[in-house]
J.: 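Before anything else, here's the structure in question.
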Protein chains: 2
Amino acid sequence: MSHVDGVPRRVTIGDVARAAGVSPSTASRALTGQGYAAASVKLRVLAAADRLGYVPDDIARSLKRRTSRLVGVVISDLRNQFYADLAAGIEQVLGEAGYQMVLVNDDGDRDRELQGARTLLAMRVPGAIVTPLSPEAGALLTAQGVRVVEVDRQMAQTQCDAVLVDSEHGARAATTHLLELGHRRIAFLIDELEWTTGVGRLAGYKAALRSAKVRFDQKLVARVGFGSGDAATALSTLLDAQPDVTAVFAANNLMASGVWQELQRRRLRVPRDISLVAFDDLPWMTMVQPAVSAVSQPVVAMGARAAELLLARLSGEFTGPPKTDWLTPTFERRGSTRKVSG
Amino acid sequence: MSHVDGVPRRVTIGDVARAAGVSPSTASRALTGQGYAAASVKLRVLAAADRLGYVPDDIARSLKRRTSRLVGVVISDLRNQFYADLAAGIEQVLGEAGYQMVLVNDDGDRDRELQGARTLLAMRVPGAIVTPLSPEAGALLTAQGVRVVEVDRQMAQTQCDAVLVDSEHGARAATTHLLELGHRRIAFLIDELEWTTGVGRLAGYKAALRSAKVRFDQKLVARVGFGSGDAATALSTLLDAQPDVTAVFAANNLMASGVWQELQRRRLRVPRDISLVAFDDLPWMTMVQPAVSAVSQPVVAMGARAAELLLARLSGEFTGPPKTDWLTPTFERRGSTRKVSG
DNA sequence: CTGTTAGCGCGTTCAT
DNA sequence: ATGAACGCGCTAACAG
């Protein structure tokens with residue numbers, strides 16, 4: 001009666017063993033390839049398994065082996081193409097290695113991140129890849145023996161592996177480009193300064209200014225709430241207060257999108273009236289007119305690299321001390337930047 | 001020596017029970033809230049669990065309960081914002097109900113889809129949500145008692161729940177709009193006609209033509225490979241062969257992107273030289289100039305709805321015969337369409 | 001209300 | 001090379 005839909009009962013290794021006329025242990029050895037099993041027997045077991053449509057129970061197997069092939073992935077916003085690409089890179093590498101990805105969205109909320117970590121703990125995942133919001137979640141996992149790789153951002157106080165893009169380098173390149181075009185009043189839009197990304201990008205911006213002996217002006221930095229759409233409003237306020245701004249640096253793709261909309265709304269012509277550079281390159285940036293000059297990150301590769309690192313840890317193939325992989329972004333000059341006018 | 005990193009051994013319910021001076025069963029009842037447990041005892045157990053940092057083992061629990069809180073999600077391309085949004089909608093609803101999402105990307109490949117289904121089977125997931133490529137994967141799952149909800153596309157021969165967008169309706173609206181503007185030679189770009197989406201969109205296009213008594217011309221339909229970026233090339237070929245085309249209908253966001261690029265490359269002015277409508281609305285479509293008129297799908301809501309349906313099935317709250325939910329897309333008129341010139 | 005018993009499905013000793 | 005016995009961690013059934 002619990003099998004209303006005609007699904008009687010999953011076939012177990014015991015069924016296979018019986019059908020093949022051997023013991024469960026032998027069936028297990030034949031099926032997994034671990035341990036001895038006569039060739040003829042192995043064949044019989046395999047045939048029986050196939051005939052009965054046997055699918056090994058991962059749950060039972062995991063319980064026994066005390067480890068599963070599930071990797072937790074905690075990201076901030078799947079709807080942001082950046083994170084989706086990251087997840088795609090991770091999934092591909094994981095999948096090829098026979099691992100599955102449990103995806104958790106934390107929406108930039110630390111409580112949800114922690115909640116996600118706890119869930120992963122309960123699931124007994126051997127490893128996790130996270131874009132961290134706080135050190136806590138990663139620490140919690142690490143403390144319980146879960147191997148953690150931080151990606152995009154670095155937050156762990158206790159050392160753990162990480163795969164990052166050199167934000168400072170990228171931001172510096174973009175800013176330098178603007179400076180070389182003669183811009184001096186460059187607005188900088190960002191939605192967070194708690195993470196290594198925000199910090200690094202601002203640092204790169206400042207470093208470029210310093211090299212060019214241009215004074216850093218705090219009033220040119222606009223800070224908006226995370227994930228909020230008010231990059232447009234923030235830019236608007238800033239432009240009103242600082243009418244001498246000739247260029248804008250949008251520190252991520254969300255900021256870039258908001259900035260683009262605001263520039264459109266104001267009927268400012270890019271790059272004639274104002275120049276624009278973005279950090280993080282998205283497809284739309286080459287579809288608009290003019291195309292947006294941007295710091296392009298190897299996002300998918302970053303996800304893939306993180307997964308590779310984690311797998312190497314899990315397999316014991318890599319056992320060294322915590323290591324941080326740095327990926328280098330490239331600045332793509334496009335049509336949204338030009339020499340400062342007048 | 002297996003505990004190099006100082007992670008001794010996970011605390012089990014047995015440890016908690018001992019610390020609280022009760023039996024494991026009582027501890028279990030106190031912890032889960034299922035079954036009797038004296039208030040004072042419950043308190044003691046909870047305190048002990050908390051003190052020891054006990055985290056229930058989901059693997060063992062699943063083995064015992066013969067069901068887990070993992071839902072399989074099989075989609076075609078996480079890097080396509082459409083699928084990412086879908087997954088985001090699913091994840092949100094699942095997460096609120098205490099379920100996790102195992103995400104599998106099949107890249108539009110049926111073998112990988114089938115492989116994914118087998119994996120989910122092995123994982124003993126109680127349910128799965130899929131954007132189907134073939135009937136096989138879903139059938140396999142259903143046959144083993146896994147509740148399946150198809151989303152975006154419908155493929156199952158044996159009935160199963162589905163959440164779909166009314167493609168025909170949307171395509172008809174978009175095409176009618178073009179016809180009302182006087183367009184008669186409307187190119188139609190698509191990358192698949194095996195799925196309900198492609199079929200429905202073409203049907204809507206044809207239906208609109210029929211209503212307007214405009215002859216359907218097969219030569220105006222360009223078909224490209226799935227996921228391939230050659231929408232641009234295909235359009236190019238088509239435009240060369242059919243110079244009287246005055247409007248283009250891109251049947252999904254990939255096609256739209258390719259079309260947009262090709263129109264740019266040809267320096268065709270939209271909508272002056274040619275009009276454009278897209279099926280599936282993406283953010284870039286309102287960032288470009290002119291904004292692209294598009295059939296907007298409630299993608300996140302579709303994912304959410306699919307998850308709700310699945311959860312209702314799993315909880316036994318909904319037991320009726322297979323049902324298909326239809327969501328209605330809306331046509332957003334923007335600047336890329338205008339009266340046919342000349 | 002509580003403890004004892006048993007078993008989910010598998011892999012892994014340990015004998016043989 | 002094979003099978004019997006055991007246990008992974010948990011909870012459902014039962015007796016008390």
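In what follows, every heavy atom counts, from backbone to side chain, and hydrogens, waters and symmetry copies are set aside. Letters A, B, ... are given to chains in the order of the sequence lines, protein chains preceding strands, and every chain is numbered from 1.
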J.: Rounding to a whole Å, what distance do you find between A/D57:CG and C/dG7:C1'?
T.: 14 Å

J.: State, with a plain yes or no, whether a side-chain heavy atom of A/Y99 is found less than 4.5 Å away from one of A/L310.
T.: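 A/Y99 vs A/L310: side chains apart.
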
J.: Looking only at side-chain atoms of B/A60, point me to the closest of C/dG11, C/dG3, D/dG9.
T.: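 Ranking C/dG11, C/dG3, D/dG9 by closest atom to the B/A60 side chain puts D/dG9 first.
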
J.: Has A/K323 got its NZ or CZ under 6.0 Å from the middle of the six-membered ring of A/F318, at an angle within 45 degrees of the ring axis?
T.: yes

J.: For A/T324, run the side chain to side chain donor-acceptor pair (under 3.5 Å) check against A/Q159, A/Q154, A/E150 and tell me which one passes.
T.: A/Q154

J.: Would you say the side chain of B/L86 lies within less than 4.5 Å of the side chain of B/V151, judging by non-hydrogen atoms?
T.: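 Yes, at least one pair of side-chain atoms sits under 4.5 Å.
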
J.: Quick one: which of C/dT12, C/dT2, D/dT2 gets closest to the side chain of A/R65?
T.: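 Ranking C/dT12, C/dT2, D/dT2 by closest atom to the A/R65 side chain puts C/dT12 first.
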
J.: Side chain of B/T12 only, please: which of D/dC10, C/dT2, C/dG3 is the nearest?
T.: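 The nucleotide sitting nearest to the side chain is D/dC10.
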
J.: So what does A/T32 touch, heavy atoms closer than 4.0 Å: a base, only the sugar-phosphate, or nothing?
T.: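 Result for A/T32 = sugar-phosphate.
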
J.: Do the side chain of A/R124 and the base of D/dG9 come within less than 3.5 angstrom through a donor-acceptor pair of N or O atoms?
T.: no

J.: Could you tell me whether the side chain of B/K42 reaches within less than 4.5 Å of the side chain of B/R29, counting heavy atoms only?
T.: no

J.: Could you check how far CD1 of A/I59 sits from C1' of D/dC8, rounded to whole Å?
T.: 14 Å

J.: Of the nucleotides C/dG11, D/dT2, D/dC10, which has the atom closest to the A/T26 side chain?
T.: D/dT2

J.: Check if the side chain of B/R66 and the base of C/dG9 share a donor-acceptor pair of N or O atoms closer than 3.5 Å.
T.: no

J.: Phosphate oxygens OP1/OP2 of C/dG11: is one of them under 4.0 Å from a side-chain N or O of A/R61?
T.: yes

J.: Are OP1 or OP2 of C/dC10 and a side-chain N or O of A/Y54 less than 4.0 angstrom apart?
T.: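 Checking C/dC10 against A/Y54, a side-chain N or O does come within under 4.0 Å of OP1 or OP2.
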
J.: Given D/dG9, is OP1 or OP2 found less than 4.0 Å from the side-chain N or O atoms of B/R10?
T.: no

J.: Is any side-chain heavy atom of B/Q100 closer than 4.5 Å to one of A/L120?
T.: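 With C-beta onward as the side chain, the pair stays apart.
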
J.: Heavy atoms only, 4.0 Å cut-off, all strands: where does A/P24 land among base, sugar-phosphate and nothing?
T.: nothing

J.: Between P on D/dC8 and CG on B/D15, what's the gap in Å once rounded to a whole number?
T.: 11 Å

J.: Looking at the side chain of A/I13, which of C/dG3, C/dG11, C/dT13 is the nearest nucleotide?
T.: C/dG11

J.: With a 4.0 Å cutoff (strictly under), does any side-chain N or O of B/S28 reach OP1 or OP2 of D/dT11?
T.: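 So the side-chain polar atoms of B/S28 do come within 4.0 Å of the phosphate oxygens OP1 or OP2 of D/dT11, strictly under.
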
J.: What integer distance in Å separates A/R29:CZ from C/dT13:C1'?
T.: 10 Å

J.: Confirm from the modelled atom types if A/S25 and D/dA4 form a donor-acceptor pair under 3.5 Å, side chain to base only.
T.: yes

J.: Please report, rounded to the nearest Å, how far the C1' atom of D/dT2 is from the CG atom of A/L31.
T.: 16 Å

J.: Let's see if you can work this out: which of C/dG3, D/dC8, C/dA6 has an atom nearest to the side-chain heavy atoms of B/K64?
T.: C/dA6

J.: Need to verify one output field. Residue with the more 5' nearest nucleotide on DNA chain D, B/L63 or B/Q34?
T.: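 Between the two, 5'-proximity favours B/L63.
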
J.: Rounded to the Å, how far apart are A/Y36 OH and C/dT13 P?
T.: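 Those two atoms, OH and P, are 13 Å apart.
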
J.: Rounded to the Å, how far apart are A/R9 CZ and C/dG7 C1'?
T.: 13 Å

